[in-house]
Amino acid sequence: MSESIVEKLRNLLAERFKLEREKVELISPALTEKWFIIVRSRRVYDISITAYEDGRVIVDAGPEHTRSEISDYLYSKKYRRRYERARTEEEREKINKEELEEEEGIIEDFRQGRYEKYLKMERSIAYYAKKHMWGTEVAKRISNKYGFETRFDIDYESGFETAFNSAGMDEEQTINEIMKRVDAIADAREMFINEEMMNEFLISKGIEVKKAKRRSR
């Protein structure tokens, strides 16, 4: 890909999101990347586009801070008092290891779609489970709407992603494909933050809807 494709994309993205061109940033690429653009919009989640040397192009939005949400819940409900009672560094290290293992277990449950037990727990963790259920549902809806795979990848930081291989495409084809996937990811982002839509989905599954009560450490 020539450098001109990046400049064309920056102009198109600025127009698409009604932003100043400076808000569509060209970031120094990592080792295997050819170029990397971030669209810093006024919405909750930025959109990024990454082109790799092998022709792959990934468009994504996020992150949803999965680990920090779970960590806040576990710390306030279970581990804070244990840390406060710990008398040695060895005790604190042991508690920290247990907390990290429990966080990882919950993330893996979310990743595998094992939400049932969390929906029955205290309000904040139940809300986080519901948000991740909704993210997976949003990805399905967007995939069906646009005709290509869009994923809600659940990890320590979760988010929406769609990818294609630009090998063999000319510049115009590549730009058009990128912009279609930008539209899909922008649509996913808007749908994900729409609590009314999320609640309608949850109610259709027979799940009670309540907002989370945020805690701070």
Side-chain angles (χ1 to χ4, degrees), residues 38 40-48 60-143 150-162 185-217:
I38 291 182
R40 300 199 184 278
S41 73
R42 292 178 291 273
R43 304 303 297 169
V44 177
Y45 304 110
D46 293 334
I47 293 175
S48 64
D60 61 22
E64 177 71 10
H65 297 294
T66 302
R67 182 163 199 152
S68 63
E69 292 177 342
I70 293 169
S71 179
D72 286 348
Y73 168 76
L74 290 176
Y75 180 79
S76 63
K77 293 297 290 184
K78 184 174 180 179
Y79 288 97
R80 180 173 58 190
R81 291 180 182 177
R82 292 183 61 188
Y83 280 117
E84 290 171 351
R85 291 196 300 265
R87 298 189 177 190
T88 66
E89 187 62 30
E90 184 178 350
E91 284 183 84
R92 284 187 285 273
E93 287 179 2
K94 182 179 179 181
I95 295 167
N96 184 59
K97 182 180 179 182
E98 289 179 22
E99 184 180 6
L100 292 176
E101 288 176 352
E102 189 164 0
E103 288 172 12
E104 290 166 1
I106 295 173
I107 291 168
E108 184 59 26
D109 282 344
F110 281 14
R111 190 180 290 124
Q112 298 300 326
R114 298 190 289 258
Y115 296 111
E116 291 78 8
K117 67 180 180 181
Y118 303 106
L119 297 175
K120 299 172 185 177
M121 294 171 69
E122 195 269 350
R123 183 179 296 184
S124 59
I125 192 67
Y127 181 72
Y128 303 147
K130 291 169 188 176
K131 282 206 301 182
H132 285 73
M133 287 181 67
W134 174 232
T136 301
E137 173 65 18
V138 168
K140 290 178 183 177
R141 294 184 186 187
I142 295 298
S143 297
T150 301
R151 299 184 302 277
F152 182 65
D153 289 331
I154 297 175
D155 209 321
Y156 295 143
E157 292 186 336
S158 304
F160 294 97
E161 178 182 298
T162 183
I185 290 296
D187 199 354
R189 178 185 65 179
E190 296 298 314
M191 193 180 295
F192 182 66
I193 64 177
N194 188 321
E195 284 219 358
E196 184 177 349
M197 290 185 70
M198 181 179 78
N199 288 342
E200 287 176 358
F201 163 71
L202 294 170
I203 290 168
S204 75
K205 298 295 182 182
I207 299 169
E208 184 180 4
V209 295
K210 291 182 179 177
K211 292 185 178 180
K213 288 183 178 180
R214 292 277 179 179
R215 292 185 174 84
S216 59
R217 290 196 174 196

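The model shown is predicted, which means the values in this text are computed figures rather than measured ones. Start at 1 with the first residue, then count along the sequence.
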For Ser48, the side chain to side chain donor-acceptor pair (under 3.5 Å) test, sequence neighbours excluded, returns Asp60
By side chain to side chain donor-acceptor pair (under 3.5 Å), Thr66 pairs with (sequence neighbours left out) His132, Ser158
Working for ring-ring contact (aromatic ring centres under 6.0 Å, His included), residues Tyr45 and Phe160: CA-CA 10 Å; Tyr45 304 110; Phe160 294 97; 8.1 Å; no
Asp187/Thr150 under side-chain contact (heavy atoms from CB on, under 4.5 Å): CA gap, chis, key distance, verdict
CA-CA 11 Å; Asp187 199 354; Thr150 301; over 6 Å; no
So CZ of Phe201 and CD of Glu137: to nearest 0.5 Å the spacing works out to 4.5 Å
If you count every heavy atom of other residues, nucleotides or ligands that lies below 6.0 Å from Glu90 atom CD, does the total exceed 12? no
Sequence neighbours excluded, the answer for side chain to side chain donor-acceptor pair (under 3.5 Å) partners of Glu102 is Lys78, Tyr79
Sequence neighbours excluded, the answer for salt bridge (Lys or Arg N to Asp or Glu O under 4.0 Å) partners of Glu98 is Arg82
For Glu108, the salt bridge (Lys or Arg N to Asp or Glu O under 4.0 Å) test, sequence neighbours excluded, returns Arg111
Sorted by chain and residue number, the side chain to side chain donor-acceptor pair (under 3.5 Å) partners of Tyr115 (sequence neighbours excluded) come out as none
Correct closest heavy-atom pair for Lys131 and Phe192 would be O-CE1, 3.3 Å
Sorted by chain and residue number, the salt bridge (Lys or Arg N to Asp or Glu O under 4.0 Å) partners of Arg40 (sequence neighbours excluded) come out as Glu25, Asp46
In terms of heavy-atom contacts, Ala86 and Ile95 come closest through CB-CD1, 4.0 Å
Separation between CG (Asp72) and CZ (Arg80), nearest 0.5 Å, reads 11.0 Å
The side chain to side chain contact (heavy atoms under 4.5 Å, CB included) partners of Asp153 (sequence neighbours excluded) come to Arg151, Glu161
Output for pair (Asn96 CG, Glu101 CD), nearest 0.5 Å, gives 10.0 Å
Minimal heavy-atom distance between Ile185 and Ala61, with the atoms involved, is CG2-CB, 3.4 Å
Contacts of Arg81 meeting side chain to side chain contact (heavy atoms under 4.5 Å, CB included) (sequence neighbours excluded), chain-then-number -> Glu84, Arg85
Inset, instruction - Using a 4.5 Å cut-off on heavy atoms from C-beta on, say whether the side chain of Ser41 contacts that of Arg189. - result: yes
**Request:** Determine, using ring centers only, whether Tyr118 and Phe110 are less than 6.0 Å apart.
**Result:** yes
Note to self: With heavy-atom distances below 4.5 Å as the criterion, would you say the side chains of Asp109 and Lys117 are in contact?
What the structure shows: yes
To the nearest 0.5 Å, atom CD of Glu99 lies from atom CZ of Arg92 at 14.0 Å
Paired with Leu119, the side-chain contact (heavy atoms from CB on, under 4.5 Å) test is passed by just one of Met133, Glu208, Lys205, namely Met133
Closest non-hydrogen contact found for Met197 with Met191 is CE-CG, 3.6 Å
Taken in chain and number order and not counting sequence neighbours, the residues that satisfy side chain to side chain contact (heavy atoms under 4.5 Å, CB included) with Glu93 are Glu89
CG of Asp155 to CD of Glu104, rounded to nearest 0.5 Å, is 10.0 Å
CZ (Phe152) and OG (Ser143) are apart, to the nearest 0.5 Å, by 13.0 Å
For Trp134 and Arg141, the nearest pair of non-hydrogen atoms, with its separation, is CH2-NH1, 3.6 Å
Hits for side chain to side chain contact (heavy atoms under 4.5 Å, CB included) against Glu196, two or more places apart or cross-chain, chain-then-number order -> Asn194, Glu200
Arg67 meets the salt bridge (Lys or Arg N to Asp or Glu O under 4.0 Å) criterion, sequence neighbours left out, with Glu103
